[in-house]
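So the structure is just underneath, and the comments pick up after that.
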Amino acid sequence: METRYNHKEIESKWLENWNEQENFKPSNMGAEHFSIVIPPPNVTGALHLGHALNNTIQDILIRYNRKLGKNTLWIPGTDHAGIATQAVVEKRLLQEEKKTRHDLGREELVKRIWKWKDEYEARITNQLKSLGASCDWSKQRFTLDPICAKAVRYAFFNLFKKGLIYRGKRLVNWDTHLRTAVADDEIYHETVKGHFWTFKYPLADGSGYIPVATTRPETILGDTAVAVHPEDERYKKFIGKTLLVPFVNREIPVIADAVLVDMDFGTGSVKVTPAHDPNDYETGLRHKLPMLNILNEDGSLNENAGEFKGLKGEKARAAVVEGLEKQGLLLKVEDHEMQIGKSDRPKTVIEPYLSDQWFVKMDALAERAMQAVESGEVKFTPARYAKNYLNWLGEKRDWCISRQLWWGHQIPIWYASARPNINRSDIHCCQTENGDWLLCSLEEDLDENSIEGLKLVRDPDVLDTWFSSALWPHSTMGWPGETDDLKNFYPTSVLVTARDIISLWVARMVIFSQENMGEIPFSNVYINPTILDGSGRRMSKSHGNGVDPLDIIEKYGADSLRFVMCSVCTENQEARLPVKKEKLEDGREINVSEKFEIGRNFGNKLWNAARFLKPYITDIGHGTLDMGQEKSGKSENRGYRGSDNLEDKWILSKLNTVVKETQAALENYRFSEYASLIYHFVWDDLCSRYLEIKKGEISKESSALLSHSLYTVLDLLHPIMPFITEELNAILFPNSERVILREWPSADESLINAEIEKQFEEIFAIVEAIRSVRGRYSIAPAQKIAAVVHTAVNLESCKSMITDLSGLSSFEFGENLPKPAFSANAVISGGEVFVPLEGILNKETEIARLKKEIEKAESFIVSLNKKLSNENFVKGAPAAIIEGEHQKLATQRDIVEKCKAALEELFT
RNA sequence: GGGCAAUUAGCUCAGCUGGUUCAGAGCGUCUGCCUUACAAGCAGAAUGUCAGCGGUUCGAAUCCGUUAUUGCCCACCA
C-alpha cells in the first residue's frame, strides 16, 4: 500500500466492479422497498456542485438502505427543460451561424436541440457516474423519451376529458424574443430607472381633459378606458363621459373603479389597457371593456397603433412621448424607479400579452394536494418548507401549460374544420369558449385527413416543461402501463430536492400522482441546502458560477467531494463554498477549494490506519474472529465483546455508540451530523487514542478488536465514501462480501457504558496533563520525562498506556507519595499529576500559569456560589442539576487548593 | 408589501429537547516534533460582549418581542 491514498485508479476500478456485478439494480426482491427518482437535471448544461450535493445525499440514502437489506431502486434521468434548452441552442445558433430558428424551421431546430441534448445528457451521466451515484442506469429516462411521452399523453387526455384542461384567451407573460408565453415563475423582476409621464387625456367633447400618469406611454394606444375612484371629488363629474385616445382618436369611457384606483397615488386617475397589463386586464373583465391588442408577437406595435405601427420597445415609447409633446398634451416628466419583468433565460423584457393559451384548472387539484401535506401523509424535512408548499398551492391559480416553443411535448390537440362526429374512446372532442371544435387524441398523432369529413390542424404549442416533470415519479416507472416497477417501487420513499422548486415541481408531482395513481408520489421530501459561491450567490447554470464536480473529483477524489457535501448538509438553507482557480500541469484550469481537503485528509487518515493495521488484521469476513467473544448470531462479526482492558471496553462502547448515533442521524436526515460522528470516531477515538495506545505491541486480541472496529467503520462510512471503503475492504478483508452489499451494522447497546467512558477520560486526562507540560517547555518527544500521580485509583493496568502516550522514563502513582521537587503540577479528577523538571522548570512560567488557573477557578466558584445561594435556583432547578453544580464547586475548590499549594512551594 | 432564513473565533460553519458534557469543529495562526500508519501527519497553545436592545425564566447562544444588516422565495401600484 502506498503512503498516500490515491483515488484515481481506485475509483474507476470500483465503478467498473459495481457495474459488472449489477449492484445498482434492485437486488432484494420481496423485501421492503426503498426507491428514489432523481430530480432530473436540465440538459441545458453540465452539473455543478449544487447537483453534486443533491445527488450525494440521494446516493447516501440509497446505499444506506441497500445495506439495510431493502429492495432499492434509484432511477436516473434528465429533463428537456423546454424554454431553457431551446433558448440556449437558439442563442448559440445566432452566435455561431447568425441564424434564427425561423431560418431553420421547426424540424431542423428540434434536430439541433436533440443533438445538444445528447451531448449534455452524456456529460451529465458521466458526472453522476463519476460521483459514484448508484443509480440503476438501465432505467435511465429523459422527459421527452417515448416512455415519458406516453405518460404525458395519458395525463393530458384524462384531464382534458374531465374538463380540467381548457383553452382561453388570457393575459400571459410574453417573451418577445422567443415569442412564447412564459410562466410567472420563469420571470424575475428587475428594478430599472424609468420615467413617470403625466399627460392630458382630452374629453371627446373638447371641454377639457383628465390628467393621467403612466410609466408606459406607448400603451396609450391600447387604452379602452380611463378609471377614476368613485369617491374622488376631482373626477366624479367625468364618470360616464367619453375621452379621445390621442393619435388614434378612439372614443373610450371614463369608468369608476375602486379596486384599481388609489386616489392618493399619482394623478388619481389610471389609463386602462386590458390587453397589456394584469391589473387592467382584471379591470377590463369587471367592466366588460374591449381588449385591444396593440402588439405583434415580436413586441412591435401592430396596426392598432396607427402611425406608430412597426415601432418597438424604447423607440415606440420615445415616439409616443414626442407625439404627445407636439400635441401639447404632455404635462410633466418625473424620474421613477420601477420593476420590469424579464425572462429568466435570455434576459429579454416580458410584455403582458393577450393570447390563446391552455390552462389546467387548479382549484380541486390544489386542494387535494394541500391535504396530503396538512394530514402529514407527505412530510417535509426541514418541516418549515411545508409552509412554502401550502402557501403556493393555496392561491389555486390556474396553470398556463402551453408554450409557443418547438422543443417539448406538442399538445395532443387538433382543431377540426367542423363539428366532429366520432365515437372513439381514444379521441375526445369538445368546443372551446370561442366556438372552435377540438379533438384530443390519446395515442396516435393525427394527420390532416385522419378523420373522414374533417380537416384537422394540430395545435403548434408544446407543454410547459413542468407538465412532464410533474409525472416523473410514475412516468419513469412506466405509467400508464401496469408495470412491475410501479408494483414494486411506487410510491417512492423520499424526494431529495432544492427549495426553489417546491412549488414548481414538488407540489405538481403530488397533484399528478394523486390524479393518476390515486396516491401520493413520496412520503418524505428532504430539502437540501442551496450551494452558494464565495460571494454568496446561488450556484446555478444561468449565473455562470457553477463549479464542475469533475474538477473537484479530479483533484480531491469523489469520496472527498461526497464527504464535504454531506458535512455541509445541515438544517440551514444555504452553504457557502468559496472556490479558486488552479492551473494544472497540462495547462487546464480547474476550480479548487481547500474545503475539500477535509475529505481528502480524512480518507488519507483512514487509509494509513488501514495500512498500518494490515499485517495484524484478522479476516473477520469469514468469522475467524475467535477471541472468545460472544456472537450475536445476526452477522458473523457483530457482537464482539473484547477483553477486560479498560481501553478495549472503552473503544467498544465508543464504537457501538457511533453505530447507534450514525443510524439515528441518517434516519432523521441529519447528514452533517452523520459525517461528523464517523469522522471524529475514526480520527479521535480510533486513531489518536486507541491505535496510539495499542500500536507499540499489537496482541492477537488487540488485532481482533481493531479489525472488528475497522470493519464496522467501513460499513458506517460506505454511504458517504464508497470508493475508499470498498478498496480498503478488499485489501484488509479479501474474503468478505463487498461493502456495498454487506449488512449494515447494528449497535449492541449492552456494550455502551458511560461509566467506562468516564473512567477512561479520567485516565486519559493524566496523559494530556503530562503532554501539556511537555508543550509548555518544548520538550521533544524523544526526550523522556518522569511523572508522579497522586491518586487513590490503581493505575497498574494503565501504566504502559500512560507511559507510552506521554513519553515517560518513569511513572509512579499512589496516595501518599512525596511531591517531587521542581515539578510542574496539574490537577486531575481526584488527584494531581507532578512532572519533575529539575533544571528545566521556570519559576516565572509556573507562577504565571498557576495564578491564571487559580483566577479562572475562583471566578467560576463565585458564579457557582451565586447560583447555589439563589433560593429560587435551589427551589426551582432539578435535583440532578443542583448536585452537578455542587460537584463542579468541589472540583474548582480542589483546583484552587492544589494550585495554591503548588504556588507556595515555588516560593519556598 | 407577504413569507422563510442568516448574523457564534481571522475564514467556512456546528450547536436538535434552555442548565460549564455549551461556548465547539475544520481551516488558518503560534510553539515543538520527519516519535518505527499518516507532514494530506503528531503533540501542545492562543483566539469569541454567541449582531444590538428589551422580555420570559432560578438559569438564555438556545424561547419571545424589537432594531439593524444580509440572502432567498412569493406578490406587485398606474
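Side-chain atoms are counted along with the backbone in the values below, which use heavy atoms only and exclude waters and symmetry mates. Predicted model only: the values in this text are computed from it and were never measured. Chain letters run A, B, ... following the sequence lines, proteins first, then strands; residues in each count from 1.
- Cation-pi contact between A:Arg499 and A:Tyr385: absent, since separation from the ring centre below 6.0 Å together with deviation from the ring axis within 45° is not met.
- Counting any heavy atom pair closer than 4.0 Å across all strands shown, A:Leu532 reaches no nucleic acid atom.
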Going 5' to 3' through nucleotides 16-23 of chain B and flagging B where a protein heavy-atom sits under 4.0 Å of the base, S where only the sugar-phosphate is that close, and - otherwise, we get B--BBS--
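- Taking atom CZ of A:Arg499 as the reference point, atom C1' of B:rC74 lies 13 Å away to the nearest angstrom.
- Side-chain atoms of A:Leu49 and A:Leu561, non-hydrogen and from C-beta on, do get closer than 4.5 Å to each other.
- At B:rC4, none of the side-chain N or O atoms of A:Asn388 fall inside 4.0 Å of OP1 or OP2 (strictly under the cut-off).
- At the heavy-atom level, A:Ala609 lies under 4.0 Å from base atoms of the strands shown.
- For the pair A:Asn608 (side chain) and A:Thr3 (backbone), a donor-acceptor distance under 3.5 Å is present.
- The residue A:Tyr777 sits apart from the nucleic acid: no heavy atom pair falls under 4.0 Å.
- No donor-acceptor distance shorter than 3.5 angstrom exists from the side chain of A:Asp232 to the backbone of A:Val228, with no hydrogens or angles considered.
- Between A:Asn870 and B:rG59 there is no side-chain polar atom (N or O) within less than 4.0 angstrom of OP1 or OP2.
- Between A:Phe602 and A:Tyr679, the angle of the ring planes lies from 30° to 60°, which puts this pair in the tilted group.
- Within the structure, every side-chain polar atom (N or O) of A:Asn872 is placed at least 4.0 Å from both OP1 and OP2 of B:rG59.
- For B:rA78, neither phosphate oxygen OP1 nor OP2 lies less than 4.0 angstrom from any side-chain nitrogen or oxygen of A:Arg216.
- Taking the six-membered ring where tryptophan is involved, the planes of A:Phe760 and A:Trp650 are essentially parallel, since the angle between them stays under 30° and well short of 60°.
- The side chain of A:Lys595 places no N or O atom within less than 4.0 Å of a non-bridging phosphate oxygen (OP1 or OP2) of B:rU12.
- For B:rC38, its base sits under 3.5 Å from the side chain of A:Lys605 at one donor and acceptor pair at least.
- OP1 or OP2 of B:rA45 has at least one side-chain nitrogen or oxygen of A:Ser772 nearer than 4.0 Å.
- When atom types are taken as modelled, the side chain of A:Ser688 and the backbone of A:Asp685 share no donor-acceptor pair closer than 3.5 angstrom.
- Regarding A:Leu53, its CG atom lies at a distance of 18 Å from the P atom of B:rU12, rounded to whole Å.
- Using a 4.0 Å heavy-atom distance criterion, A:Trp683 is classed as a sugar-phosphate-only contact.
- Using a 4.0 Å heavy-atom cutoff across all strands shown, A:Arg4 reaches at least one base atom of the nucleic acid.
- Within the nucleic acid shown, A:Asp280 has no heavy atom closer than 4.0 Å to any nucleic acid atom.
- Checking the phosphate oxygens (OP1, OP2) of B:rA14, no side-chain nitrogen or oxygen of A:Ser676 falls inside 4.0 Å.
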